[in-house]
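Below is one structure, written out as structure tokens, with a few remarks after it.
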Amino acid sequence: MRWTQTFIHTLRQDPSDAEVVSHRLMTRAALISKVAAGIYNYLPLGLRSMSKLQAIIREEMERAGSAELAMPAIQPAELWQESGRWFEYGPELLRMNDRHERDFCFGPTHEEVITDMVRRTVTSYRQLPVNLFQIQTKFRDEIRPRFGLMRGREFVMKDAYTFHADAEDLDKAYRAMEKAYCRIFERCGLGYTQVEADTGNIGGSESHEFMVLADTGEDAILSCPDCHYGANVEKAEAGPVPSAPDWPLDRSDRPKSVHTPEMRTVEEVATFLGISPAHLIKTLIFETDEDFVAVLIRGDLEVNEIKLKNELGCTHLQLASEAKIEEITGGSQGFSGPVGLEGVRIVSDPSVMALEVAATGANAADAHLIGVEPGRDFEPSMVVEIRLATAGDPCPSCGKDLVEKRGIEVGHIFKLGTKYSEKMDCRFQDADGNDQPMIMGCYGLGVGRTVAAAVEQNHDDKGIIWPLPLAPFEVVLVVLNADKPAVVEAADSLYVQLIEAGIDVLFDDRPERPGVKFNDMDLIGFPVRVVLGGRGLEAGEVEVSLRSDGEKRATPIAQMVPAVQALLVQLRSQ
RNA sequence: CGGGGCGUAGCUCAGUCUGGUAGAGCGCACGGUUCGGGACCGUGAGGCCGGUGGUUCAAGUCCACUCGCCCCGACCA
């Protein structure tokens with residue numbers, strides 16, 4: 001491809017709305033351009049990178065036994081009503097009507113459509129398993145789209161679905177997918193880690209996320225420096241906590257109220273009372289699907305809302321509003337406590353029950369209670385492990401201290417079980433003639449997000465440094481002095497040689513000044529560069545270099561193609 | 001959804017407080033000089049100052065509404 005025949009218009013200045021490196025560079029390098037919040041054009045260069053990733057995905061999915069199909073972007077409401085998600089999904093689901101006022105949505109995922117398709121066709125265990133994937137544009141009306149392709153509203157995703165007669169067979173497919181994902185990210189040259197994940201509202205029994213490690217990642221993960229354990233903080237098991245220091249104040253037969261004007265935070269109250277944050281019982285009022293719950297956690301610890309949600313078995317969970325807190329507790333926010341609290345369930349973390357003496361809010365304005373003894377002064381309706389794990393907690397598999405890292409979630413695989421097959425009546429007859437729901441798995445991989453993650457992980461202050469497999473072009477041929485016919489003629493010939501050698505090359509044939517061309521070449525980040533100018537031509541040489549090291553290798557013109565090929569081989573073997 | 005900010009040339013932004021002929025840099029076009037790491041000189045094109053309504057002799061500037069975009073928050077009291 002010639003530069004003058006494609007559409008590459010780089011930006012000299014940073015776009016005003018780009019925050020993270022990948023968004024900034026992908027915009028400046030003319031890979032993407034914004035159409036609306038969270039909605040982008042994939043420009044020719046960006047599309048090439050996306051296509052290359054898609055080709056890798058296709059190969060690996062097929063290797064893992066999955067067949068490609070394509071499902072519609074627009075889906076009828078009926079299917080979503082059947083699964084119940086029409087009502088559960090909320091405003092993230094983009095809904096629309098056709099001219100007959102029938103309800104549709106733009107698919108954010110395709111469990112409903114594929115389950116419907118499979119149930120119409122598959123009736124016997126002899127037809128199982130089924131393993132299908134698609135690469136498709138999806139839409140999720142995110143609360144706050146940001147970071148370019150990292151959290152867009154419209155995005156390209158590979159999603160696969162499997163259907164099985166039994167759990168062992170699902171496990172087999174799950175392991176194959178796991179392996180396929182590892183191969184995909186390895187082939188892309190990305191540093192990634194696989195972590196245990198929560199299954200979220202989508203449901204299911206086992207789940208892993210694939211995270212590309214990057215400081216700008218939106219997810220916190222805990223991993224073990226020694227063994228292979230890694231988990232999303234939402235999922236990570238919290239180890240035992242060190243017990244609180246000795247209670248520094250007097251003990252009494254019953255809690256004593258103290259005046260704590262405007263002391264709302266744990267820090268403030270602890271300092272004011274002269275106790276440790278670990279002596280406080282933090283009391284949070286949550287709103288669930290049907291009621292309100294008071295949740296107790298030791299003052300120096302945090303609640304894992306995902307664990308709490310799972311323990312409560314609810315789908316909706318959020319902190320109650322200020323007004324509700326006052327209605328329920330009689331005190332304002334920051335002054336809630338379990339003592340004498342009535343009308344709501346009280347859920348406590350074991351860390352609270354382990355306290356001998358504690359302090360907590362008095363459910364009254366500007367007052368806290370001291371000398372509170374869990375079990376004597378209040379009795380929770382439920383004691384469950386709901387603490388958020390943090391760095392320093394012991395690894396569940398080997399006991400070492402876990403460390404926290406940040407990552408970009410690029411893949412997520414689930415064992416769904418029968419959640420959708422039961423609701424949507426997707427059943428089969430087993431060998432004994434019994435009617436059973438199929439057991440399902442689903443496997444997502446963000447295509448745009450993976451490309452963005454690659455940029456996030458591979459760049460310098462000049463621009464992108466593409467890993468070879470995802471580069472829009474593997475090689476760029478740059479002609480300087482494009483006003484001199486002899487140089488142009490020589491460059492044309494080099495271009496033809498590269499094309500004939502089957503090399504993936506972009507020919508920068510623009511009549512631009514050298515500085516402009518060099519800067520664009522660095523910004524876009526083609527892995528291998530071939531530069532020919534008047535000076536070189538006279539010496540019978542071209543300059544071959546790598547984006548990654550910048551070292552210029554003067555090469556006889558006749559040796560250009562083999563020199564480029566050698567560098568490509570070198571890059572491939574890295 | 002709450003808080004904050006911003007919409008002025010293709011891009012990045014001044015000008016708005018204090019109302020009075022629409023600005024800069026980059027980019028673009030033309031001419032010239034340059035030509036191996038974002039050149040220089042000259043000439044020029046390019047704006048319903050996001051939209052609607054109001055105040056005023058007069059609005060990019062003040063007021064109201066509205067649309068769009070960005071940031072923070074929406075979880076630890």
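Protein chains get the first letters and strands the later ones, always in sequence-line order, with residue 1 at the start of each. Nothing here was measured: the structure is a model prediction, and the numbers come from that model.
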Can you tell me the distance, in whole Å, between the CG atom of A:Asp349 and the P atom of B:C75?
19 Å

Taking 4.0 Å as the cut-off, does a side-chain nitrogen or oxygen of A:Arg12 come that near to OP1 or OP2 on B:U12?
no

Can you tell me if the side-chain N/O atoms of A:Arg146 get under 4.0 Å from OP1 or OP2 in B:C72?
yes

Could you check whether the side chain of A:Glu512 and the base of B:G38 have a donor-acceptor pair of N or O atoms closer than 3.5 Å, going by distance alone?
no

Can you check whether A:Tyr89 and A:Trp80 have ring centres sitting under 6.0 Å from each other?
yes

Measure from the side chain of A:Pro514, starting at C-beta and using heavy atoms only, and say which of B:G36, B:C11, B:G37 lies closest.
B:G36

A:Arg553 CZ to B:G36 P, in whole Å, measures 23 Å

A:Phe87, CZ atom: more than 12 neighbouring heavy atoms under 6.0 Å:
yes

Would you kindly give the CG-to-C1' distance between A:Leu301 and B:C75, to the nearest whole Å?
15 Å

B:C69 to B:G25 separation - C1' atoms, rounded to the nearest Å
23 Å

Determine: side-chain N/O of A:Lys34 to OP1/OP2 of B:C70, distance under 4.0 Å, yes or no.
yes

A:Ile386 CD1 to B:C76 P, in whole Å, measures 15 Å

Gap between atoms CG and P, on A:Asp508 and B:G36 respectively (whole Å):
16 Å

Spacing of A:Asp17 atom CG relative to B:C11 atom P, expressed in whole Å:
11 Å

Indicate, yes or no, whether a donor-acceptor pair under 3.5 Å links the base of B:G2 to the side chain of A:Arg144.
no

Please verify the inter-ring angle class for A:His9 with A:Phe7; under 30° counts as parallel, over 60° as perpendicular, anything in between as tilted.
perpendicular

Run the ring-ring contact (aromatic ring centres under 6.0 Å, His included) test against A:Phe147 and tell me which residues pass, sequence neighbours left out.
none

Would you mind classifying the nucleic acid contact of A:Ile143 as base, sugar-phosphate or nothing, using non-hydrogen atoms under 4.0 angstrom?
base

Quick check: are there more than 12 heavy atoms from other residues, nucleotides or ligands sitting under 6.0 Å from CD of A:Glu356?
no

Counting distance alone, no hydrogens or angles: does the base of B:U34 have a donor or acceptor under 3.5 Å from a partner atom on the side chain of A:Arg513?
yes

